[in-house]
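All remarks here apply to the structure that follows.
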Amino acid sequence: MTRVWPGGTIGILGGGQLGRMLALEARRMGYRVAVLDPEPEGPAAQVADSHVRGAFDDLEAAMKLAGESDVITLDTEHVPRELLERLETMKPMRPSARVLRVIQDRLEQRRFLEALGAPQVRYAAVSDAESLRAAAELVGLPSVLKTRRSGYDGKGQARAALPVELAGAWGRIGEAPAILESFVAFEKEISVLLARDVDGDVRFHPIAENVHRHHILRTSRVPARIPEELAAQAQALGARIASALDHVGMMAVELFVTRGGSLLVNEIAPRTHNSGHYSFGACATSQFEQHVRAICGLPLGDPSLLRPAVMLNLLGDLWRDGPPSWSPVLAHPAAHLHLYGKRRASPGRKMGHVLILGEDVEQVSTLAETIAAELDRGASAGRDG
Ligand SMILES: Nc1ncnc2c1ncn2[C@@H]1O[C@H](COP(=O)(O)OP(=O)(O)O)[C@@H](O)[C@H]1O
Ligand SMILES: [Mg+2]
């Protein structure tokens with residue numbers, strides 16, 4: 001089993017915010033970090049030791065990254081499978097190409113969950129107008145049509161409530177191969193965050209309670225308000241998924257809690273996850289350090305929560321009149337600003353987040369909403385001098 005000690009180089013496929021925070025934690029621990037990313041100055045490349053510039057399907061660039069690296073990981077699952085399989089012959093890939101093959105296709109992922117007997121929404125494969133009609137019969141309406149590949153933050157998704165809306169939804173996702181899922185009127189959304197190490201040991205970060213707006217994560221709150229028994233059930237399910245995939249590294253399993261109090265798996269992310277950002281500041285070991293430990297073959301760290309926390313995502317909408325004023329965040333000693341160094345903002349784009357800590361999660365939650373409202377008001381009122 002390959003172990004990579006501090007001083008070694010971690011190669012990251014993808015250079016977004018997940019890669020950036022991973023790089024920050026890895027460098028703190030004494031690792032070198034190399035990043036493959038097409039952008040000249042992306043979030044991770046800004047803080048890495050080395051940047052190989054290239055697209056995710058650029059085999060030559062990816063092989064250059066592999067040449068520099070002792071272990072390879074990723075911050076996006078949207079990397080072509082052939083490329084992953086090739087890199088895997090050169091250096092340890094964690095997670096493995098096999099894990100990515102299952103995860104990067106929503107239909108494969110659903111079939112995997114089905115074979116595992118994991119509870120999930122009703123779904124059916126869609127490849128043309130006819131299979132779409134059949135799928136709607138099978139799963140019922142309202143439903144959500146999702147492209148099999150390349151979706152994130154609700155991209156590649158369209159809802160249909162009535163049969164006449166199906167064709168429009170199919171058009172909106174570009175008539176790409178898809179799955180149709182029944183729409184779940186859930187009670188809440190949670191995510192199980194876990195790390196699995198090279199020996200198969202699993203450790204859990206506290207479950208996050210997540211609120212999405214327009215399909216994009218807005219806030220995560222920890223501890224989540226769910227019964228202990230349900231939390232244990234969710235974590236056991238997460239561990240079963242990670243073990244069945246023989247996954248190594250952090251993993252997030254997004255779940256719906258139904259109004260009847262049962263669990264349905266929404267999706268799996270075989271990497272660090274937005275809903276685990278709270279751990280970077282609120283836990284003894286962040287999800288990023290934990291991922292480094294897992295992929296480098298080190299013992300896992302203590303993921304326990306030091307203080308209740310709320311994470312508030314900062315989307316590009318706040319940049320509508322240029323960079324917003326940060327005074328509303330900085331004025332609160334309990335609030336911590338994380339910005340990803342993205343040069344361009346656009347509506348819905350994740351630009352940063354605020355982590356708010358406190359003794360009482362209700363107070364933390366109230367403060368998060370106050371800060372969100374102040375930021376929003378400030379966004380139109382002008383910048384810091
Ligand atoms: N079947 C569904 N029923 C109800 N809400 C859904 C369903 N699928 C997705 N959503 C909502 O949209 C969000 C994003 O969808 P998701 O499938 O997680 O895609 P991604 O995060 O890759 O964009 C979910 O967190 C949830 O709030
Ligand atoms: Mg999701």
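What you are looking at is a predicted structure, and each value in this text was computed from that prediction instead of being measured. Hydrogens, waters and symmetry mates play no part in the numbers below; they use all other heavy atoms, side chains included. Ligands are counted one by one from 1 in listed order, and the atoms in each one are counted from 1 as well.
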Derivation and outcome, side chain to side chain donor-acceptor pair (under 3.5 Å), residues S191 and H273 | CA-CA 9 Å; S191 50; H273 192 260; 4.8 Å; no
Salt bridge between K64 and E60, side-chain N to carboxylate O under 4.0 Å?
->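 Salt bridge between K64 and E60, a charged N being under 4.0 Å from a carboxylate O: no.
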Answer yes or no: is there an ion pair linking D49 with R27, defined by an N-O contact shorter than 4.0 Å?
->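 Here D49 pairs with R27 in a salt bridge, since their nearest N and O are under 4.0 Å apart.
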Which is it for H353 and Y340 under the ring-ring contact (aromatic ring centres under 6.0 Å, His included) test, yes or no, and what are the steps along the way?
-> CA-CA 9 Å; H353 67 267; Y340 308 145; 5.8 Å; yes
So which of R122, K146, R159 actually passes salt bridge (Lys or Arg N to Asp or Glu O under 4.0 Å) with E181?
->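 Passing option: K146.
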Closest to the Mg ion (ligand 2), which N/O/S atom of E267 is it?
->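 The E267 atom nearest to the Mg ion (ligand 2), restricting to N, O or S, is OE2.
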Applying a heavy-atom distance cut-off of 4.0 Å, which protein residues contact ligand 1?
->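 Those residues closer than 4.0 Å to ligand 1 by some heavy atom are R106, V144, K146, G151, Y152, D153, G154, Q157, E181, S182, F183, V184, F186, E189, H212, H215, E254, F256, N266, E267.
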Between Q287 and H277, is any side-chain donor less than 3.5 angstrom from a side-chain acceptor?
->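 Result is yes, a qualifying pair exists.
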